[in-house]
Amino acid sequence: MKILITGGAGYIGAHTAFELIKQGHEVTILDNMEHGSQAALDAIRANAGGFQFIKADLRNCLLYTSDPADAPPCAALGGPRLHTEKINL
């Protein structure tokens, strides 16, 4: 499955990416590197395998210009300061 992880160079995102890649998923990591770590990305690549990396800020870009239904499943793992509303799962 194709999966986009925002904040994937941070602690939670990197661990999530690591596990998903090990399970055989095709992972894309999007991170602005404000709090992310290049060392985390290097460790994922060395220990779990390859992934696509996009250095961008999700708050400043539009990822999908066509039908949102075509977007891959997305794990939004932004920092607490970005969360402005309660999400019920």
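Quick note: residue numbers are just sequence positions, from 1. Just so you know, these numbers come straight off a predicted model, no measurement behind them.
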Open item on the list: By the definition side chain to side chain contact (heavy atoms under 4.5 Å, CB included), identify the one residue from L41, L20, T28, I5 that meets it with F51.
Closed with: L41

Task: Spacing of CG belonging to L4 relative to CG belonging to L30, to within rounding of 0.5 Å - done: 6.0 Å

Open item on the list: I need the N47 CG to K22 NZ distance, nearest 0.5 Å.
Closed with: 9.0 Å

Task: Non-hydrogen atoms of A14 and A40 that approach each other most closely - done: CB-CB, 4.0 Å

Task: Exam field: side chain H25 to backbone I21, donor-acceptor pair closer than 3.5 Å - done: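 Pair absent, no side-chain N/O of H25 close to backbone of I21.
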
Can you find a pair of side-chain heavy atoms, one from [X] and one from [Y], that are under 4.5 Å apart?
{"X": "Q38", "Y": "F53", "result": "no"}
{"X": "T6", "Y": "D31", "result": "no"}
{"X": "M33", "Y": "K55", "result": "yes"}
{"X": "I29", "Y": "I54", "result": "no"}

Open item on the list: Tell me whether the count of non-hydrogen atoms from other residues, nucleotides or ligands lying under 6.0 Å of CD in Q23 goes above 12.
Closed with: yes

